[in-house]
J.: 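This is the structure, below, for whatever I ask next.
Just so it is clear, the model here is predicted, and its values are computed rather than measured.
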Amino acid sequence: MTRKPEGELRRGWTTGACATAATKAAYTALLTGSFPDPVTITLPKGEQPAFALAREALGDGRASAAIVKDAGDDPDVTHLALVGATLRLAEAGSGIVFKAGPGVGTVTKPGLPLDVGEPAINPVPRQMMQAVIAEVAEAHGAPGDVEIEISVDGGEDLAAKTWNPRLGILGGLSILGTTGVVVPFSCSAWIHSIHRGIDVARANKLLHVAACTGSTSEAAVQRLYGLPEIALLDMGDFAGGLLKYLRKHPLPRLTLGGGFGKFCKLAAGHLDLHSGRSQVDFDLLAETLKSLGAAKDLIDESRRANTAKQVLDMASAAGLPLADSIAEGARDRALAVLEGETEVEVLIFDRQGGLVGRASGWAA
């Protein structure tokens with residue numbers, strides 16, 4: 001896991017902002033014969049960053065420009081990637097046509113905000129590029145009919161580290177960004193990916209999805225059910241982001257998988273399971289042990305424990321199904337958020353992927 005740096009964090013720019021700046025520089029060169037460097041664009045919230053060109057080429061009826069993406073202090077897989085735009089004049093009246101160049105993916109499954117077969121250039125980056133084309137065309141008396149091909153050097157390899165293959169975006173990265181700005185260690189990008197995963201699962205009429213807190217639990221759930229990749233939602237710590245979206249966009253069946261400590265938090269009512277934003281309630285564990293008939297010494301020791309695992313180990317040694325009880329509590333909390341339209345089970349795994357606790361709404 002990448003550790004958040006100390007002190008004030010430096011913001012960066014999205015792939016969409018970089019592609020827009022490269023597009024403006026290339027279109028200007030196509031019309032005037034010279035590249036603006038640096039090139040300034042206006043972002044959706046009015047900010048006007050300037051981007052230095054890392055590569056430029058003009059000839060054979062086309063112009064290309066590329067910009068090195070700076071993600072600031074965010075651990076973004078596309079940090080320092082070279083985002084390029086190649087522009088060609090198009091037939092009069094054809095408008096703006098977007099194409100996926102090397103390293104940019106193509107949509108192959110329904111459920112995303114782009115049609116199947118379209119290049120994975122999201123709506124807001126498209127709007128930003130359309131705006132700079134209109135701006136430059138007006139300044140130079142051009143009609144603004146142009147083909148825009150966006151590329152990312154090494155994008156296909158980088159995409160393997162993202163949700164894209166799971167969402168059915170094949171061949172490379174998506175060109176993203178609703179504001180043009182990368183906020184370091186932002187939760188919103190992860191939650192956005194969870195939402196798109198749910199959209200794709202619904203569009204493909206899946207009956208069962210699994211949302212897990214980490215790779216160990218995800219692999220264990222996949223072994224158990226043989227679910228396809230598009231049925232696996234990388235929930236991480238964002239149980240609330242998952243459950244609230246599913247409440248409005250339900251699926252028939254949901255498996256939640258993760259470790260004991262994470263689901264202790266969910267059972268206690270926390271929807272953000274990150275260690276910095278919620279803590280294990282040892283009084284809850286003690287009261288749960290009491291309801292299971294634990295000895296007083298075990299109950300008292302559980303209140304003074306250092307970790308949830310320590311309590312679980314003590315309960316297991318005493319033959320008490322603590323993990324099952326916590327799974328039941330987590331399931332109850334999830335159902336309360338979902339308001340009953342989705343069947344839910346909770347599976348608790350140890351660090352080796354062994355199933356230690358289960359609460360299911362359907363037959364095993």
Side-chain angles (χ1 to χ4, degrees), residues 105-112 116 120 156-157 159-171 174 190-239 241-243 245-247 249-263 266-267 273 312 321 323-324 326-328 330-335 337-338 340-364:
T106 298
V107 177
T108 68
K109 293 183 185 295
L112 296 169
V116 171
E156 189 164 3
D157 291 337
K161 303 174 184 178
T162 73
W163 275 55
N164 275 18
R166 190 170 289 181
L167 296 175
I169 298 171
L170 303 183
S174 300
W190 194 318
I191 293 172
H192 177 84
S193 294
I194 294 171
H195 294 175
R196 298 295 76 75
I198 293 169
D199 292 343
V200 168
R202 284 168 52 87
N204 286 274
K205 304 186 186 311
L206 297 189
L207 301 178
H208 183 191
V209 296
C212 299
T213 60
S215 58
T216 299
S217 53
E218 182 180 275
V221 171
Q222 193 170 26
R223 285 194 302 270
L224 184 63
Y225 287 115
L227 295 173
E229 284 289 312
I230 60 169
L232 302 174
L233 306 172
D234 188 4
M235 177 177 72
D237 292 318
F238 303 110
L242 169 92
L243 295 169
Y245 195 77
L246 272 174
R247 180 172 61 206
H249 308 85
L251 285 158
R253 181 174 287 189
L254 169 68
T255 295
L256 295 173
F260 180 70
K262 297 290 187 184
F263 284 129
L266 183 57
L273 310 181
L312 179 60
D324 288 337
I326 291 300
E328 286 284 357
R331 179 175 175 271
D332 289 346
R333 177 57 178 159
L335 287 171
V337 176
L338 290 167
E341 289 201 46
T342 300
E343 290 185 89
V344 178
E345 76 169 346
V346 173
L347 303 180
I348 296 179
F349 299 96
D350 61 24
R351 293 179 182 178
Q352 289 71 48
L355 183 63
V356 296
R358 185 173 202 160
S360 185
W362 58 86

J.: Look up atom CD1 in I326 and atom CD1 in I348, then write down how far apart they are to the nearest 0.5 Å.
T.: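 Here the interatomic distance stands at 7.0 Å.
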
J.: Y225 vs H208 aromatic rings, parallel, tilted or perpendicular, using cut-offs 30° and 60°?
T.: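 Because their plane-to-plane angle is over 60°, the rings of Y225 and H208 count as perpendicular.
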
J.: Once rounded to the nearest 0.5 Å, what's the spacing between atom CD of E229 and atom CG of L167?
T.: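 Going from the CD atom of E229 to the CG atom of L167 covers 10.5 Å.
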
J.: Counting only heavy atoms from other residues, nucleotides and ligands, does the tally under 6.0 Å from CD of E156 exceed 12?
T.: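 For E156, atom CD is not crowded (no more than 12 foreign heavy atoms under 6.0 Å).
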
J.: Would V200 and L112 count as a side chain to side chain contact (heavy atoms under 4.5 Å, CB included) here? Give the steps.
T.: CA-CA 6 Å; V200 168; L112 296 169; 3.8 Å; yes

J.: Any side-chain heavy atom of V116 within less than 4.5 Å of one from K109?
T.: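 No; the side chains remain at least 4.5 Å from each other.
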
J.: Of all heavy-atom pairs between G257 and S217, which one has the smallest distance, and what is that distance?
T.: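 Residues G257 and S217, closest heavy atoms: O-OG, 3.5 Å.
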
J.: Is there a salt bridge (charged side-chain N to carboxylate O under 4.0 Å, His left out) between R358 and E345? Walk through the geometry before answering.
T.: CA-CA 7 Å; R358 185 173 202 160; E345 76 169 346; 3.5 Å; yes

J.: Which pairs pass salt bridge (Lys or Arg N to Asp or Glu O under 4.0 Å) with one or both residues in residues 205-216, sequence neighbours excluded?
T.: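 Those involving residues 205-216 do not exist here.
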
J.: Rounded to the nearest 0.5 Å, how far does CG of L338 lie from OH of Y245?
T.: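 The OH atom of Y245 sits 14.0 Å away from the CG atom of L338.
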
J.: Within the 4.5 Å heavy-atom criterion, are R331 and V344 side-chain neighbours or not?
T.: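 Yes; the side chains approach each other to less than 4.5 Å.
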
J.: Would T213 and D237 count as having a side-chain donor-acceptor pair, cut-off 3.5 Å?
T.: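 Their side chains do not contain a donor-acceptor pair, so the 3.5 Å distance test is not met.
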
J.: To check you understand the geometry: which heavy-atom pair defines the closest contact between A210 and V221, and what is its length?
T.: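 Nearest heavy atoms, A210 then V221: CB-CG1, 3.5 Å.
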
J.: Show, in sequence, the C-alpha distance, side-chain angles and deciding distance for F238 and I194, and conclude whether the side chain to side chain contact (heavy atoms under 4.5 Å, CB included) test is met.
T.: CA-CA 9 Å; F238 303 110; I194 294 171; 4.1 Å; yes

J.: Just grab all the salt bridge (Lys or Arg N to Asp or Glu O under 4.0 Å) pairs involving residues 218-228, residues at least two apart or on different chains.
T.: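 For residues 218-228, and leaving out neighbouring residues, the salt bridge (Lys or Arg N to Asp or Glu O under 4.0 Å) pairs sorted by first residue read R166-E218.
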
J.: With heavy-atom distances below 4.5 Å as the criterion, would you say the side chains of T108 and I169 are in contact?
T.: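 Side chain of T108 against side chain of I169, heavy atoms only: no contact under 4.5 Å found.
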
J.: Kindly indicate, with the supporting measurements, whether the criterion side-chain hydrogen bond (donor to acceptor under 3.5 Å, both in side chains) is fulfilled by D234 and S193.
T.: CA-CA 8 Å; D234 188 4; S193 294; over 6 Å; no

J.: Look at the side chain of T342 and the backbone N and O of L251, then say whether any donor-acceptor pair between them is shorter than 3.5 Å.
T.: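 At least one qualifying donor-acceptor pair exists.
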
J.: To check you understand the geometry: which heavy-atom pair defines the closest contact between Q222 and L227, and what is its length?
T.: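 Of all heavy-atom pairs spanning Q222 and L227, the closest is NE2-O, 3.1 Å.
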
J.: Side chain to side chain contact (heavy atoms under 4.5 Å, CB included), that's the test. Do L256 and L242 meet it? Break it down for me.
T.: CA-CA 10 Å; L256 295 173; L242 169 92; 3.7 Å; yes

J.: Quick check for you: to the nearest 0.5 Å, what is the distance between I198 atom CD1 and H249 atom NE2?
T.: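 Reported to 0.5 Å precision, the distance equals 8.5 Å.
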
J.: Distance check, rounded to the nearest 0.5 Å: F263 atom CZ versus L273 atom CG?
T.: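 Interatomic distance, F263 CZ to L273 CG, rounded to 0.5 Å: 7.5 Å.
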
J.: Looking only at non-hydrogen atoms, find the nearest pair between L206 and V209 and report the distance.
T.: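 It is CD1-CG1, 4.4 Å.
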
J.: Please give me the minimum heavy-atom distance between M235 and A211, naming the atom from each residue.
T.: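 Here M235 and A211 meet closest at CB-CB, 3.9 Å.
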
J.: Start with the C-alpha distance between L254 and L246, add both sets of side-chain angles, then the distance that settles side chain to side chain contact (heavy atoms under 4.5 Å, CB included), and finish with yes or no.
T.: CA-CA 10 Å; L254 169 68; L246 272 174; 3.8 Å; yes

J.: When rounded to the nearest 0.5 angstrom, what distance separates OG in S360 from CD in E343?
T.: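 Spacing of OG (S360) from CD (E343) equals 8.0 Å.
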
J.: Once salt bridge (Lys or Arg N to Asp or Glu O under 4.0 Å) is applied, what residue pairs with a partner in residues 347-356 remain, sequence neighbours excluded?
T.: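 Every candidate salt bridge (Lys or Arg N to Asp or Glu O under 4.0 Å) pair involving residues 347-356 fails, so no pair, neighbours aside, qualifies.
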
J.: Minimum heavy-atom separation for G111 and D199, please, with both atom names.
T.: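 That closest heavy-atom pairing would be O-CB, 3.1 Å.
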
